[in-house]
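Shown next, in C-alpha cells, is the structure this report addresses.
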Amino acid sequence: MNADSNAKGEAAMQETRLRLHLVLGAARMSIWDATVVGNDVTEGVITWSGDGAALIGLAPVDQQQSFRDFLALVHPADRDLLTERMQQRVGKCAPYHFEYRIVLPDDTVRWIGCRGMPVCEDGLPVRTLGIIWDDTPRKLQEAQLFEQKERAEVTLASIGDGVVATDARGRVCFMNRVAEELTGWMHQQADGIDVARIVRLVDEADGRELDNPVQLCLRERRTVGVSARALLLARDGRRLAIEDSSAPIRARDGAILGAVVVLHDVTHERTLTHQLTWQAAHDSLTGLINRRAFETAIAEALRNAKNDGHHHALLYLDLDRFKVVNDTCGHGAGDLLLQTLAHLLQQRMRESDVLARLGGDELGVILAFCPLPRALKLAEELRQAVKDFRFVWAGRAFEIGVSIGLVEISEHSKSVTELLIAADQACYLAKEQGRNRVHVYQESDVVLAQRLGEMHWVSRLTEALDKDQFRLFSQPIVSLKDGGNGHQEVLLRIAEDAPDGEQAGVKPGKMILPGAAIRRTPADAFPPPSATT
C-alpha cells in the first residue's frame with residue numbers, strides 16, 4: 001500500500017516535472033539553481049539544465065559550475081553590476097529580475113533575461129532558484145526602434161519648421177528645437193500639457209482666438225490647415241505669423257494615436273507681402289493712398305450710392321503756387337511741403353473720409369455719407385486750412401492756396417471716369433475763376449470749360465504773335481521701303497519766352513499746327529531738322 005502510494009507520488013512528480021519542462025521549453029526558458037555560501041552568492045555553485053547550459057555557451061548537458069566561473073562568461077561591462085545587484089537582492093531574501101550579456105566562445109554577445117527567488121532559512125539565504133531566457137531578439141528590436149526613434153528625432157530637430165506631437169487626448173509628448181523657439185516652451189515644460197496652451201493662435205486682423213488645429217484634427221479625424229492670417233502667440237508675448245497643418249497619427253488598424261502639428265514661421269514673408277501691398281496702393285512720399293487705390297475707393301462709393309441711395313462727395317484739389325516753392329527752393333522743399341500739407345489735411349479728415357495723392361501737387365478726397373451742402377462746408381474748411389498755412393524754408397515764408405473742384409456722388413452718377421473728369425473740370429474752373437476757391441460741378445461746366453479753354457488759346461496765340469514766338473520746325477519723313485521718296489514735314493510751334501532774335505527751346509505739347517506736310521519735296525529743299533525762322 002505504501003509502495004503503491006510512493007510509486008503514484010513519484011509518477012505525479014515526474015508528470016509535474018515533464019509539464020514544467022514542456023512549458024519552459026515552449027517559453028524558451030531554462031531553470032537554474034545556485035547555492036549561497038555564507039550569505040555570499042559568488043561562493044556558491046550553479047546547477048544548469050542542459051538547455052540552460054547551452055544558452056550561456058556551455059555544452060548542452062545538465063552540469064554544475066561555480067558562480068565565479070559563470071561570471072567569467074558575463075560581459076566585462078556587466079559583471080560588477082550583476083554581482084552587486086544580485087547580492088543586494090539575495091541578501092534581503094527578495095526576488096530579482098536582471099538583464100545581462102554573455103560572451104559566447106565565438107565572441108558573439110547574447111542578452112540573457114533572468115528571474116529568481118532566494119530560498120532563506122532563519123532569515124539567511126541558502127540558495128536561489130530561477131529561470132533564464134534568450135532576450136537577444138527583443139534587445140535587438142529595441143535597439144532598432146531606438147535607432148529609428150533617434151533618427152526621426154534628429155531629422156525633426158534639424159528641419160526648419162516647428163513640430164509638436166500629441167497623444168490621443170491632445171497632450172504634448174514631443175517638441176523639436178524649432179517648436180521650442182517659436183512657442184517659447186521647452187519640451188520638458190510642455191510635456192503632458194494640453195496643446196491648446198502651447199500652440200495658441202489668433203487672427204491678425206481682429207485678434208480673435210482661432211480654433212486649435214490639433215484639437216480640431218483629433219475631433220474630426222482629418223488633416224486640418226490654419227487660416228492664412230494666423231498669428232502664433234508665444235509664451236514670451238511675441239506674435240509670429242505662421243502657416244501650419246495638423247494631421248492625425250494612426251495605428252495600423254486606423255485608431256487615432258495622437259496628432260502632429262507643423263508650424264512654419266512666415267513672419268518675414270508676410271511682412272514683405274504687406275509692405276508690397278501697401279506700396280502698391282500708397283504714395284511713397286506722403287503715405288497717402290495713390291490714384292489707383294483712390295479710383296477703387298470711388299468705385300466703392302459709387303456702388304454704395306447706387307445700391308443704397310447714399311450721397312457722397314468727390315473733391316479734386318490742386319495746390320496754388322506750389323510751383324513757386326518747388327522752383328525757388330528746390331525739390332526737397334517741394335517734397336516737404338507736400339508731406340506737411342498731407343498731414344495737415346489728414347488731421348481734418350473724418351474717420352470715414354479718404355485722402356489721396358493723385359500725382360504732382362494734386363490731391364483727391366472722398367467725403368463719405370456727405371450730402372452736397374455738408375460737403376461744400378467741409379471743402380471750404382480744407383481750403384481755409386491750406387490758405388492759413390505758412391510754409392517756411394531757409395528763412396522765407398510762402399503762402400499756399402488750393403483750388404478745389406467738388407462733385408456729388410449719387411445714384412445718378414455714371415462712372416468713376418466721368419466723376420474724375422467732372423471733378424477735374426470743376427477744379428480747373430476754380431483756378432480760372434481766380435484760384436483758392438471751391439467750385440461745385442454743374443452739367444453746364446462742360447461747355448464753360450471748353451469755352452474757357454478756347455478763350456485761353458485765343459489770348460495765348462495773340463500773345464505769341466505779339467512776341468514773335470512762332471517757330472517753324474522740319475523733320476524728315478523716310479519711307480521704310482527701299483526706293484521710297486523722302487520728304488519733309490513742317491511743324492509750327494510756340495517757343496515760350498524766346499528773346500528776340502534767338503532760337504528758343506520748345507516745350508512738349510506746344511505744337512499748334514500738327515503736320516503741315518509738304519509731300520514729294522526734295523530733301524534738300526529744307527534745312528536739317530531744327531528750328532528755323
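Note that the numbering runs from 1 along the sequence shown for the chain.
Atoms NE2 and CD, on H282 and Q275 in that order, are 13.0 Å from each other to the nearest 0.5 Å. Taken to the nearest 0.5 Å, the OG1 atom of T166 stands 9.5 Å off from the CZ atom of R171. The CD1 atom of I242 lies 8.5 Å from the CG atom of L231; values are rounded to the nearest 0.5 Å. From L367, atom CG reaches atom CG of L315 across 4.5 Å, with rounding to the nearest 0.5 Å. Rounded to the nearest 0.5 Å, atoms CG (L182) and NE2 (H264) are 10.5 Å apart. Separating the CD atom in E381 from the CZ atom in R383 is a distance of 11.0 Å, to the nearest 0.5 Å.
Under a 3.5 Å cut-off, the side chain of E180 and the backbone N or O of H187 do form a donor-acceptor pair. Side-chain atoms of E418 never come within 3.5 Å of backbone atoms of S415 as a donor-acceptor pair (strictly under, hydrogens ignored). R89 contributes a side-chain N or O that, together with a main-chain N or O of P95, makes up a donor-acceptor pair within less than 3.5 Å. Checking side-chain atoms of R79 against main-chain N and O of L71 turns up a donor-acceptor pair under 3.5 Å. Formation of a donor-acceptor pair under 3.5 Å by the R110 side chain with backbone atoms of L55 is found in this model. Checking side-chain atoms of T267 against main-chain N and O of A241 turns up a donor-acceptor pair under 3.5 Å. Side-chain N or O atoms of N176 include one that pairs as donor or acceptor with a backbone N or O of V163 at under 3.5 Å. Side chain of N290 to backbone of A280: a donor-acceptor contact under 3.5 angstrom is found. With hydrogens and angles disregarded, a donor-acceptor distance shorter than 3.5 Å links the side chain of D78 to the backbone of R101.
Aromatic ring centres of H312 and F369 lie closer together than 6.0 Å.
Counting heavy-atom neighbours within 6.0 Å of K92 NZ, excluding the residue itself, gives a total of 12 or less. Other residues, nucleotides and ligands contribute at most 12 non-hydrogen atoms within 6.0 Å of the CZ atom of R239. Taking a 6.0 Å sphere around CZ of R138, one finds it holds more than 12 heavy atoms contributed by other residues, nucleotides or ligands.
Residues passing the side chain to side chain donor-acceptor pair (under 3.5 Å) test with R252, sequence neighbours excluded: none. For C93, the disulfide bond (SG atoms under 2.5 Å apart) test picks out C120, with sequence neighbours left out.
Aromatic ring pairs are classed by plane angle as parallel below 30°, tilted from 30° to 60° and perpendicular above 60°; the pair Y100 and F70 is perpendicular. Using bins of under 30°, 30° to 60° and over 60° for the plane-to-plane angle, the ring pair F391/F389 lands in the tilted bin.
Smallest separation of non-hydrogen atoms from T286 and A342: CB-CB, 3.9 Å.
With respect to R303 and E300, a salt bridge is recorded, a charged nitrogen being found less than 4.0 Å from a carboxylate O. Using a 4.0 Å cut-off between a side-chain N of Lys or Arg and a carboxylate O of Asp or Glu, D206 and R208 qualify as a salt bridge.
A donor-acceptor contact under 3.5 angstrom links the side chains of Q347 and H343, judged on distance only. Defined by atom type and a distance below 3.5 Å, a donor-acceptor pair is missing between the side-chain atoms of Q215 and D211. W111 and E99 share no side-chain donor-acceptor pair at under 3.5 Å.
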